[in-house]
Amino acid sequence: MSTNAEISKEPLFSYKNKKLITNPIGKDNPITIQVLGICSILAVTVQLKPSLVLAISVVAVMGLANVIISLLRKTIPQRIRIIVQLTVIASLVIIVDQVLKAYMYDVSRQLSIFVGLIITNCIIMGRLEGYALYNKAWPSFLDGIGNASGYAAILIVVGAVREFFGSGTLMNVQIIPDALYAIGYENNGFFILPPMALITVGIIIWIQRSRDKELIDAS
Amino acid sequence: MKIIKDIRDKIRPHFDKGARFGRFYRAWEAFDTFLFVPEKTTSQGSHIRDAVDMKRTMVYVIIALIPPLLFGIWNTGYQYYQAVGIDPAMLEAFSFGLIRVLPIIIVSYASGLAIEFLFAVVRDKEVNEGFLVTGMLVVLILPATVPLWMVAVANIFAVIIGKEIFGGTGMNIVNPALLSRAFILFGYPAYLSGEVYTYTRLQEGHQLVDGYSGVTPLSLVAEGKTEALPSDLSMFIGNMPGVIGETSFAAIMLGGLFLAITGVASWRIIISVFAGGIFMSWLFNIIALNEYMMIPIHQHLLLGAFAFGAVYMATDPVTAAQTRQGKYIYGFLIGVLTILIRVVNPGFPGGVMLAILMMNVFAPLIDYYVVEANIRRRMKRLKKANIIANESKP
């Protein structure tokens with residue numbers, strides 16, 4: 001019992017716990033470093049608003065799923081753990097979907113199937129398998145929030161870049177002044193097409209790696 | 001010459017490592033080697049070198065681009081005067097075209113070379129002359145009506161995403177000039193739609209001829225108006241609306257001949273692109289389900305940028321297949337895909353750009369299988385030889 005007492009004395013935001021949040025946002029980002037969850041990046045980032053909503057949804061689902069699985073971790077039989085994880089995620093996603101439908105119907109229609117597809121987001125399953133199954137509730141919660149934020153950050157940046165160059169707006173508010181259009185500027189239709197999402201993510205990866213030499217792999 | 005060399009020798013030390021402009025050594029070097037042959041000699045290994053190094057190769061391509069460029073400049077002016085119903089003198093049309101085309105050339109070079117120099121200085125590597133060719137190719141595959149800022153943006157995108165990201169000249173997967181055009185096609189499709197290629201911002205006192213449309217022949221065909229096509233001769237010479245450098249089959253062939261004879265471009269690729277185009281249009285002639293499929297084979301080759309793509313774009317030594325058989329396969333598939341995209345796809349009238357970009361991506365795969373097949377063949381031969389040798393043993 002002495003070990004438990006020691007752990008419980010650990011401050012809520014100890015160095016180790018803080019790392020759980022900051023690492024996935026930077027050095028261990030699920031998208032730019034582990035290259036997971038790319039499909040939703042391609043699909044929903046045409047505009048900032050749906051990206052933002054999906055980002056928040058993923059943060060909510062992932063944080064809660066990690067906590068629930070972590071609390072259940074001693075009672076889940078090894079052999080059916082995947083199905084239990086899926087059930088938990090699916091229930092949370094249904095809740096998020098219903099909330100969106102009730103309060104943000106237009107965004108929900110825009111996101112259509114991609115809210116449901118949060119279930120298949122490899123980052124969530126990966127964190128449940130890799131972290132929540134073996135750790136206590138509080139660190140699991142932080143880990144979930146951290147990884148989801150890393151995902152969310154990239155999603156929001158890509159969404160902003162694509163909406164800005166593709167439609168000249170941010171959150172449906174026109175940013176590029178009319179004067180610029182008057183002298184011949186045009187929105188770039190290429191940014192609305194999916195390849196540009198991939199290229200934008202690629203550029204983010206490029207910038208990140210050239211700033212942090214540690215991340216460059218030998219190959 | 002002596003004077004230039006003296007000046008050069010005086011400036012030279014400022015760009016040495018640690019000197020005042022040491023950081024810009026690479027930029028200096030680029031201009032320096034442009035004027036003078038590098039003084040460096042090999043210290044070991046092979047000493048015999050071909051006089052035709054990369055810089056010279058690039059210059060050859062530029063020379064080969066002169067006929068379509070000159071024709072394109074004249075045609076830009078000619079088309080304008082056609083639109084306003086005036087029969088221009090040769091020089092008049094040419095000077096009008098020059099005023100329209102020259103700014104595009106300048107912007108294209110300035111934007112591309114700026115990025116090229118920037119990366120050379122930051123990464124401390126030699127400035128490569130690849131862009132001298134790319135910058136000119138970009139101009140020739142754009143209409144004279146394209147806004148200048150678009151050319152700059154597209155070039156910057158193409159040089160960074162198409163080339164520098166992969167490590168600069170010689171490392172790119174796709175042709176940067178075509179990437180530049182693709183960027184404009186997908187980003188600003190209205191400017192490459194095939195109906196706005198003639199310069200129609202009228203000068204004072206000029207008026208458009210009634211019913212003038214200025215649609216390119218390829219767009220005409222795409223709309224199903226095959227009977228409105230210009231005559232074969234005029235498509236061969238190229239006095240029809242279109243992108244700056246692609247209209248004249250004759251001028252392109254002149255450049256192509258020069259490239260093929262000097263060996264700068266692979267004649268195998270050029271021939272097989274045409275073979276592929278002929279094969280596919282023959283196939284469509286047989287199927288003949290609609291007006292478009294029934295276009296005679298020779299018109300397919302004269303239309304649009306087919307010849308230009310075959311001669312200047314498909315033969316880019318970096319992005320084409322490297323093996324001999326690979327070149328035949330690569331070229332043939334470009335020809336086939338070009339006609340296929342043209343006829344079957346209602347989205348874009350031109351197909352050669354997308355066909356070449358696609359085959360650029362597949363070129364390494366083609367090479368891989370050609371090499372593998374060769375290895376297998378030789379292994380088989382070796383096995384057979386071993387068996388014979390064993391049998392002949394007493």
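Throughout, a chain's letter reflects where its sequence line sits, starting with A, and its residues are numbered from 1.
Atom CZ of B/Arg123 is surrounded by more than 12 heavy atoms from other residues, nucleotides or ligands within 6.0 Å. Residue B/Met171 qualifies as open at atom CE: its count of foreign heavy atoms under 6.0 Å is 12 or below. Atom OH of A/Tyr181 has more than 12 neighbouring heavy atoms from other residues, nucleotides or ligands inside a 6.0 Å radius. In the displayed structure, B/Ile375 atom CD1 is contacted under 6.0 Å by more than 12 heavy atoms of other residues, nucleotides or ligands. Around the OH atom of A/Tyr134, the shell of radius 6.0 Å holds more than 12 heavy atoms that belong to other residues, nucleotides or ligands.
Side chains of B/Tyr191 and A/Glu186 form a contact here, defined as non-hydrogen atoms less than 4.5 Å apart.
Atom OH of A/Tyr185 is separated from atom OH of B/Tyr188 by 5.5 Å, given to the nearest 0.5 angstrom. The distance from atom CD1 of A/Ile203 to atom CD1 of B/Ile165, rounded to the nearest 0.5 Å, is 6.0 Å.
Using a 30° and 60° split on the angle between ring planes, A/Phe190 and B/Phe183 fall in the perpendicular class, above 60°.
B/Ile160 touches chain A through its side chain: at least one heavy atom from C-beta onward sits under 4.5 Å away, while N, CA, C and O do not.
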